[in-house]
Amino acid sequence: MNRYNPLAIESKWQKIWEDSEAFKADDKSDKPKKFLAEMFPYPSGAGLHVGHVRNFTIVDVLARYYSQKGYNVLRPFGYDTFGLPAENYAIKTGVSPQSATATNVANFRNQLKKLGYAIDWSREINTSSPEYYKWTQWCFLQLYKKGLAYQKESYQWWCPVDQTVLANEQVENGHCWRCGSEVEKKKLKQWFFKITDYADELLDDIDTLDWPDKIKIMQKNWIGKSTGAEINFETEDKKAIRVFTTRPDTIYGATFLVLAPEHPLIKDLINDNTRKEVEDYCRNAIKKSEIERQENKEKTGVFTGSYAINPATKEKIPIWVADYVLIGYGTGAIMAVPAGDDRDREFAEKFNLPIVEITQVPKKPFGTEKTTYRMRDWLISRQRYWGCPIPIAYDKDGNAHPIPEDQLPVMIPEVADYKPDNSGHSALAKATDWLKVTISGKEMIRETDTLDGYACSSWYLWRYASPHDTANAWDPAKISYWSPLDVYVGGDHAVAHLLYIRFWCKFFADEGKLPFREPIIKLLYNGYINAPDGKKMSKSKGNVIDPLDVINDGYGADTLRTYEMFIGPYDQDAAWNPRSVGGVYRFLNRCWTLCFEAKLQNVKNENIRHKTIKKVTEDIERAAFNTAISTLMEYVNELYKVGANEEDLITLAKLLKPFAPHLASEMLEQLSADDSWPEYNEKYLVTDMAEVVIQVNGKLRAKLQIPVEDLDNQTKIEQLALADPNVQKFTNNNIKKTIYIKKAKLLNIVC
RNA sequence: GGGCGAAUGGCGGAAUUGGUAGACGCGCCAGACUCAAAAUCUAGUUCCAGCAAUGGAGUGUGGGUUCGAUUCCCACUUCGCCCACCA
């Protein structure tokens, strides 16, 4: 007797798919298209983990399902290869990031092939290859030309260990998202993208997206639009202090002003008595790490010595400095209304400032209407070697000049030592020859900052349309055929990446380079897979499940894939259960046995077969992969009971193929069948007899088998129900009314 | 502090629009096959009572709406995630 041998079957089909370039997408086709992708991974040295497998398998199930349905499917793959781990590894070992990245990509590619993914390998992209980052630099220059890439000196998050600036999104509870060390503030000249120009459109278009509400709400909160007013308060010597408030109507209760410690007017408001105290306070507050500000929410502040006039009450009110007012939001100054705002009240109580109830509301509002956003411009400078060089050079006066497009890419030079120095420059500053560049005949020095990795991932989906184009970032005709992306799958970057890619899409649409304003139609945001103990998998805890071990232990890729789809709803976190893996293996083994070992039976299974087709199809459409698989399990269990005919096995193999493509291909080959997605026929969904549930006062008391044509005959059903002894026991001939729901095949007798 | 979500057997989960709660899988239990084990197959498995038919209870807690509530409403408890002095 033969046995299900997944490893033999899988290597056979993987070779067939590779040799025939089975998943090469067609740039022109009469068929409707589907463009599907996962959030491309950072290829770490550890290789694939089970979380990747969940993410990529969802895409693969959809890609195979739509192919089987007759769509022209584009399912490419890429690697997000710039980043700190490769650079830190280089600093530690001397192995260049270029070389470590090549090794890791090759390892990922081999592992992906062992999973049998339906990837168009001719479209593989890699953000750290010069052919790719040339166009990342080109994108930067387009933004620069329109004034959307600009330099500004400001206080920025600085990670003292990684020696780099971090964006707001890369600071988690006052700690660096990479190395976990406490971050500090540093005043630096940095490059920014002006994402705030698109704040309104980014906000308004969220409602048009077929994305999870959770993500949409997070993006809305991140953008944080609020409308209010800016009001000028004059000091006694006629200096204007502009404040922002969402409640201009509370101005009669404004009893003092508060400025952020970084506010530029502070130096004009202090006097000889207050100078030292205020300057000390500001210096400390600016230096104070965010973690200290958070841990100690006790209000602190100092009086400047100056007063302003409340334009509503004409009262003289003191001007204070306090770090609970943030320089980056509004105008960096507020009118404090302690009677209406908890923070202002706390401050007033601590410093004995007047708390005045709001007695009137101004008929004509003070100030001018103003909208503000919590979202700040996107800080893109990174003082790191292993990133996309910013295509800028400086003349001898320090003025920035773009590198001409025909001089792209600005290549990453080879260096001997990858360590950044402590002057705030990356290791690129050590490449002395590379630093020198001639633009329009003038000697200049190159920018040594590199771009935030999120810039590289802000356009990669469009590169998939024409990954080898040497004349364009993306081919206009091909991108209009494939884009926008129909389904994007991932479990990370709810705000950052998914907001940035929307921003670039809108910008390039305005440039006439993209014929759509939203890059991703549908987003599936998958949950994490945790260790069997329910905790996060981590090397230090030693609870990591290696997906390649699961395959090589003999279960095979089909079991691994099917198990990860069966583990639970795709959007929820799940804990790995080794025993359940065995259960899925048993299921595939039963499929194999039915096809290769069992005798075909002359049975009529139309009803169960067509019910199965309908349910599995609908479940895949609504991304309920776990119940699609349980439906297939029910079908197999039924076929074991009643026997299977050839049509049953063909249908089973076709429905199974998105999840277990190797086994299904083997079955289809044995059955000499193609893999076209089966259609169900409504006429087989109905049976001769139907079960009607009889309730008395909402409690189940009997089940009746009646001919289907009698389902419309309520009188007859009632008669049959009342003839049932168990129903009689509970009704006692005392019936108030009956409710019959045909759709639910349910009769409720109320008494 | 604010926002969002979740809570169902021994465990993971199902119930898609208010209509038979517990599909499917794990585990457990019994049987078949075997010298035996593994593998495989068959049957059972929410709890309580009962040989059984069947009855009672039951979806975090307390209330409400309804003929009927895991599903809708109100209050609460616990857990998870996100944001967090944004005026």
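Note that the coordinates shown come from a computational prediction; the quantities given were computed from them, not determined experimentally. Residue numbers start from 1 in every chain, and the chains themselves are labelled A, B, ... in the order their sequence lines are given, proteins ahead of strands.
To the nearest whole angstrom, the two P atoms, one in U17(B) and one in G80(B), are 29 Å apart. Comparing the C1' positions of A30(B) and A43(B) gives a spacing of 8 Å, expressed to the nearest Å. Look at the P atom in both A75(B) and G2(B): the space between them is 14 Å, to the nearest Å. Annotation: U20(B) and G12(B) have their C1' atoms spaced 24 Å apart (nearest Å). The gap from the P atom of A52(B) to that of U34(B) amounts to 32 Å, rounded to the nearest Å. Rounded to a whole angstrom, the distance from the P atom of C73(B) to that of G19(B) is 15 Å. If you take atom P in G68(B) and the same atom in G50(B), they sit 32 Å apart, rounded to whole Å. Distance check on atom C1': G22(B) versus A38(B) gives 32 Å, rounded to whole Å.
Between the P atom of A53(B) and the NZ atom of Lys729(A) lies a distance of 13 Å, rounded to the nearest Å. As rounded to whole Å, 19 Å separates atom C1' of G12(B) from atom OH of Tyr570(A). Rounded to an integer number of Å, the gap from Lys736(A) NZ to C67(B) C1' is 10 Å. If you measure from atom CD1 of Ile217(A) to atom P of G2(B), you get 17 Å, rounded to the nearest angstrom. The interatomic distance linking Glu564(A) (CD) with G13(B) (P) rounds to 15 Å, in whole Å. Protein atom CG of Leu257(A) is 17 Å distant from nucleotide atom P of A87(B), rounded to whole Å. Spacing between atom CZ of Arg242(A) and atom C1' of A87(B) amounts to 16 Å, rounded to whole angstrom units. In this structure, CZ of Phe256(A) is placed 17 Å from P of A87(B), rounded to the nearest angstrom.
You'll find the side chain of Thr631(A) reaches within 4.5 Å of the side chain of Asp619(A), heavy atoms only. Taking the side chain as every heavy atom from C-beta outward, Met39(A) and His493(A) approach each other to under 4.5 Å.
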Trace of the side-chain contact (heavy atoms from CB on, under 4.5 Å) decision for Asp207(A) with Lys220(A): CA-CA 10 Å; Asp207(A) 289 328; Lys220(A) 281 184 188 176; 2.9 Å; yes
Verdict with reasoning, Ile231(A) to Met335(A), per side-chain contact (heavy atoms from CB on, under 4.5 Å): CA-CA 9 Å; Ile231(A) 303 172; Met335(A) 63 176 207; 4.3 Å; yes
Let me see the working for Trp378(A) and Phe192(A) under ring pair (Phe, Tyr, Trp, His ring centres under 6.0 Å), right down to the final yes or no. CA-CA 5 Å; Trp378(A) 172 13; Phe192(A) 291 84; over 10 Å; no
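With hydrogens and angles disregarded, a donor-acceptor distance shorter than 3.5 Å links the side chain of Asp558(A) to the backbone of Leu663(A). Formation of a donor-acceptor pair under 3.5 Å by the Asn232(A) side chain with backbone atoms of Gly367(A) is not found in this model.
Within the structure, the salt bridge (Lys or Arg N to Asp or Glu O under 4.0 Å) test picks out the following pairs touching residues 730-751 of chain A (sequence neighbours left out): Asp712(A)-Lys742(A).
For G44(B), the base adopts the anti conformation, since its glycosidic angle falls more than 90 degrees from zero.
Judged by the 6.0 Å distance and 45° axis criteria, Lys299(A) is not positioned over the aromatic ring of Phe347(A).
Residue Tyr329(A) has a polar side-chain atom (N or O) positioned under 4.0 Å from OP1 or OP2 of A87(B). Within the 4.0 Å cut-off from OP1 or OP2 of C67(B), not a single side-chain nitrogen or oxygen of Thr738(A) is found. Using a 4.0 Å cut-off, some side-chain N or O of Lys699(A) falls inside it from OP1 or OP2 of A57(B). Note on Arg3(A): every side-chain N or O is 4.0 Å or more away from OP1 and OP2 of A38(B).
For RNA chain B, runs of at least 3 consecutive pairs of the Watson-Crick or G-U wobble type, with both hydrogen-bonding distances under 3.5 angstrom, map to B:1-7 with B:77-83, B:10-12 with B:24-26, B:30-32 with B:40-42, B:46-49 with B:54-57, B:60-64 with B:72-76.
In this structure, Phe730(A) reaches the sugar-phosphate backbone alone: every heavy-atom distance under 4.0 Å involves primed, P, OP1 or OP2 atoms, never a base. Nucleic acid contact class of Asn726(A) (heavy atoms, under 4.0 Å, all strands): sugar-phosphate only. Residue contacts for Leu632(A): at a heavy-atom cut-off of 4.0 Å it reaches no nucleic acid atom on any strand shown.
You won't find any donor-acceptor pair under 3.5 Å spanning the side chain of Lys214(A) and the base of C81(B), going by distance alone.
Map Ile749(A) and Arg701(A) each onto its nearest nucleotide of RNA chain B; the residue landing nearer the 5' end is Arg701(A).
In this pair, Tyr563(A) and Trp576(A) present their aromatic rings perpendicular. The plane angle is above 60°, beyond the 30 to 60° band.
The ring of Tyr4(A) has its center closer than 6.0 angstrom to the ring center of Tyr585(A).
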Dump the pairs, protein N or O against N or O of nucleotides 15-26 of chain B, anything under 3.5 Å, distances to one decimal.
unit_1 : atom_1 : unit_2    : atom_2 : d
A15(B) : OP1    : Arg622(A) : NH2    : 3.4
U16(B) : O4     : Lys615(A) : NZ     : 3.2
U20(B) : O2     : Lys703(A) : NZ     : 3.0
U20(B) : N3     : Glu691(A) : OE1    : 3.2
U20(B) : O4     : Glu691(A) : OE1    : 3.3
A23(B) : O2'    : Glu634(A) : OE1    : 3.3
A23(B) : O2'    : Glu634(A) : OE2    : 3.2
G25(B) : OP1    : Asn637(A) : ND2    : 3.2
C26(B) : OP1    : Arg586(A) : NE     : 3.2
C26(B) : OP1    : Arg586(A) : NH2    : 3.1

